[in-house]
Amino acid sequence: MRSHVAELAGIRRQVLAGPSEKATAAQHAKGKLTARERISLLLDDGSFREVEQLRRHRATGFGLEARKPYTDGVITGWGTVEGRTVFVYAHDFRIFGGALGEAHATKIHKIMDMAIAAGAPLVSLNDGAGARIQEGVTALAGYGGIFRRNTRASGVIPQISVMLGPCAGGAAYSPALTDFVFMVRETSQMFITGPDVVKAVTGEEITQNGLGGADVHAETSGVCHFAYDDEETCIQEVRYLLSLLPQNNRENPPAVPCDDPHDRRCDTLADLVPADGNRPYDMAEVIKEIVDDGELLEVHERWARNIICALARVGGQVVGVVANQPRVLAGVLDIEASEKAARFVQMCDAFSIPIVTLLDVPGFLPGVDQEHGGIIRHGAKLLYAYCNATVPRISLILRKAYGGAYIVMDSQSIGADLTYAWPTNEIAVMGAEGAANVIFRRRIAEAEDPEATRAELVKEYKAELMHPYYAAERGLVDDVIDPADTRQVLIHSLAMLRTKHADHPARKHGNPPQ
C-alpha cells in the first residue's frame, strides 16, 4: 500500500508542476499566470478541491496518442470565496494551448452539472485556443454541450466568464451566454473571426486587440462588463462581485452589517443636483451619496455611458441601481442604453436583487440612425424587462421624466412598487417649450409678439401641468420627498418590500423583443 501511495504522490507532484518549467516560463513571459495560480487567487486559501485531475484524452492520430498529459488542459473543481462555495474551471494554456477536446469538454460538462445541482456560482477562467483540431467534430460537440449547460444555468446560478487569453470562433459564445464577462487588457481577446480572416475577406488590416481586445469590448461592442490592467486586480474584482450575488435563484443576496447610519441625511444632494433641468451633473456622485459607504460596482461602466447600472448596498442589503447619466447625452435613452439596462434588470430579477431606478431622462434619442437601428425594438427590451420583473422595485424622479422614456424607466404604471420624487421633478409628455409650440401653435403664430406670447404660454403650461405635485395629486407618485431624506426613505421602503411575492401567469416563457 505504501508503495502505491508513494506512486500516487509522485503523479500528483507531476500534475501540479505542469507540463514543464519551460511552458510555465513562456506563460509568465506573456504577462499571464498559470491556471493554478489563477485559481489560488480566486478561491480562499486551501479551499480548492479538484475534480478529475488524472483525466487523459483517448484520441489517436496526428501524434495525439504520444501526448496524453494529465488534466487534458483544463483544471476543474470547487472551493470557497469568503466561505461560500464556488465552482471553477480554468484552461491550462501550457497543455495543447488550452484547446478543447472530448475529455477536456467532458470535464467542463461535469463541473457545470455539479454547479447547477449544488446551486452555487460557476466561474470560468478562459485561456484557450478553441477547438482541438486533431479531434475534429467531437471537439465541436463538446462546445455544444457547454452552450446547452450555460443556457440551463441561466437565471439559476450566477455564471461569470473571466477572459485571460485568446477566445476565438464558437468558443466566444459561452462567455456571451453568461451573466458577466471580465477581460484583461493586452492579454485577452474575443472574436468570431480573427484578423487574418478579416483581412482575407474584407481587406481590412487590424490587430487582435484592435479587433477584439478588452477596451474594444468594454467601450464599443458591450460584450465585456469589466476590463482591468492585470490578472490580479481582475480576479480580486471577481471575488468582490461574488460577494454581492446570491448562490442561486432560490436565495437572497448576502446581507452584511452596516456601519453607515440608516437615518443618515444626504444634505449634499441638494448641491449636487441643479434645479435647472438643462444643467448637467454626475449621477454617479448622487448614487455614492445614497448607498452604504459610497461603494458601488458599476457594470458596463464604459459602454452606453448615458445610463448607469450598478450593484451596491443600501442598509446592508444588495440593490441594483439603474440611473440616467445627465453628463452624457443629457441622460437620454438610446439603443445601447436600453440594451444595457434591460440585461441588468433581467439579471437583478433572476437573482432576487431589488431594483432602485433614478430618473432624470429627457426622452429617447431622436435621429434617423436610432430609428433605422431599431430603437423601438431595443427600447421595448427595457420595457419588457421592467414589466417582467417581480423583485422589489422603487423609482425616484430627480428632475425630468418626459414621454415614453418616463414610462419605460419603471414608472408606477408598469409596476413599480413605490414611486418617489424630489421637489424638482418635472413629469410630462415633453418639455414645456415643445408642448407649448404644439398646443398653442396658432396663437403664437397670430400674436403681435410671438416670442413674448410663447414665453407666457410656456409659463402657463408649466404652472398647469408640470408643477412638482401634479403627479402626486393624481396618485402617480407616492410621495414628494426632501432629497436629504432619500437614503432613509429607500431603506425603510426596501425593508417593507423584502417579503414581496409576485407570480407570473402560467406559461412556458415569454417572447421578449430581440
Side-chain angles (χ1 to χ4, degrees), residues 1-59 64-83 85-112 114-115 118 120-129 132 142 160-166 184 187-188 230-232 234-236 238-239:
M1 178 62 75
R2 293 185 184 280
S3 64
H4 287 302
V5 171
E7 180 185 14
L8 172 62
I11 293 173
R12 291 248 192 264
R13 285 193 296 271
Q14 177 187 337
V15 173
L16 295 176
S20 68
E21 291 184 4
K22 182 179 178 181
T24 301
Q27 182 81 347
H28 288 162
K30 297 174 185 174
K32 295 160 62 175
L33 301 174
T34 66
R36 294 189 184 278
E37 289 169 340
R38 291 163 175 165
I39 291 172
S40 294
L41 281 176
L42 174 67
L43 301 177
D44 298 336
D45 290 344
S47 69
F48 182 55
R49 302 297 300 173
E50 191 167 350
V51 175
E52 295 195 353
Q53 184 185 71
L54 305 183
R55 186 72 179 255
R56 290 167 143 175
H57 73 76
R58 53 189 179 185
L64 284 178
E65 61 273 11
R67 296 180 62 201
K68 292 191 173 185
Y70 291 113
T71 74
D72 199 46
V74 65
I75 300 168
T76 60
W78 77 89
T80 60
V81 173
E82 296 186 5
T85 300
V86 172
F87 288 81
V88 61
Y89 68 86
H91 299 126
D92 192 339
F93 196 83
R94 300 171 300 169
I95 298 175
F96 298 127
L100 181 139
E102 180 187 25
H104 183 122
T106 302
K107 289 182 65 175
I108 295 176
H109 296 168
K110 180 171 182 175
I111 210 66
M112 294 180 79
M114 291 174 68
L122 174 70
V123 178
S124 61
L125 303 175
N126 297 271
D127 186 8
R132 195 173 299 169
I160 299 173
S161 298
V162 189
M163 316 310 297
L164 302 166
V184 175
T187 58
S188 64
D230 58 81
E231 293 190 15
E232 291 84 355
C234 180
I235 293 173
Q236 284 303 313
V238 174
R239 285 178 58 92

Spacing of CD1 belonging to Ile75 relative to CZ belonging to Arg38, to within rounding of 0.5 Å: 10.0 Å
Go through it in stages, so that I can follow the logic: the residues are Glu231 and Leu41, the test is side chain to side chain contact (heavy atoms under 4.5 Å, CB included), and I'd like the CA-CA distance, side-chain angles, deciding distance and then a yes or no. CA-CA 9 Å; Glu231 293 190 15; Leu41 281 176; 5.6 Å; no
Can any side-chain N or O of [X] pair as donor or acceptor with the backbone N or O of [Y] at less than 3.5 Å?
X	Y	result
Thr80	Ser47	no
Arg132	Ala99	yes
Lys107	Thr71	yes
Asp127	Leu125	no

Hey, what's the ring geometry for His91 with His104, parallel, tilted or perpendicular (30° and 60° as the breaks)? parallel
[X] and [Y]: which non-hydrogen atoms are nearest, and at how many Å?
X	Y	result
Ala103	Asp72	CB-OD2, 3.6 Å
Thr76	Phe48	O-CZ, 3.8 Å
Gly165	Lys32	CA-NZ, 4.2 Å
Glu50	Arg36	OE1-NH1, 2.8 Å
Thr187	Lys30	CG2-O, 3.6 Å
Ala35	Ala90	CB-CB, 4.0 Å

Would Met114 and Lys110 count as a side chain to side chain contact (heavy atoms under 4.5 Å, CB included) here? Give the steps. CA-CA 6 Å; Met114 291 174 68; Lys110 180 171 182 175; 4.2 Å; yes
With a 4.5 Å cut-off on side-chain heavy atoms, are Leu122 and Tyr89 touching? yes
Note, Leu100 side chain near Ile108 side chain (heavy atom, < 4.5 Å): yes
Is it true that Arg239 and Asp44 make a salt bridge, defined as a side-chain N closer than 4.0 Å to a carboxylate O? yes
Pair Glu232, Leu33 - check side chain to side chain contact (heavy atoms under 4.5 Å, CB included), show working. CA-CA 9 Å; Glu232 291 84 355; Leu33 301 174; 4.0 Å; yes
Cut-off 3.5 Å, no hydrogens considered: what does the side-chain donor-acceptor table look like for residues 4-22, sequence neighbours left out?
from, atom 1, to, atom 2, distance (Å)
Arg12, NH1, Gln53, OE1, 2.5
Ser20, OG, Ala23, N, 3.0

Going by the side chain to side chain contact (heavy atoms under 4.5 Å, CB included) test, name the single residue among Val88, Val162, Ile160 that passes it with Leu42. Val88
Does NZ or CZ of Arg56 lie under 6.0 Å from the centre of the six-membered ring of Tyr70, at an angle within 45° of the ring axis? yes
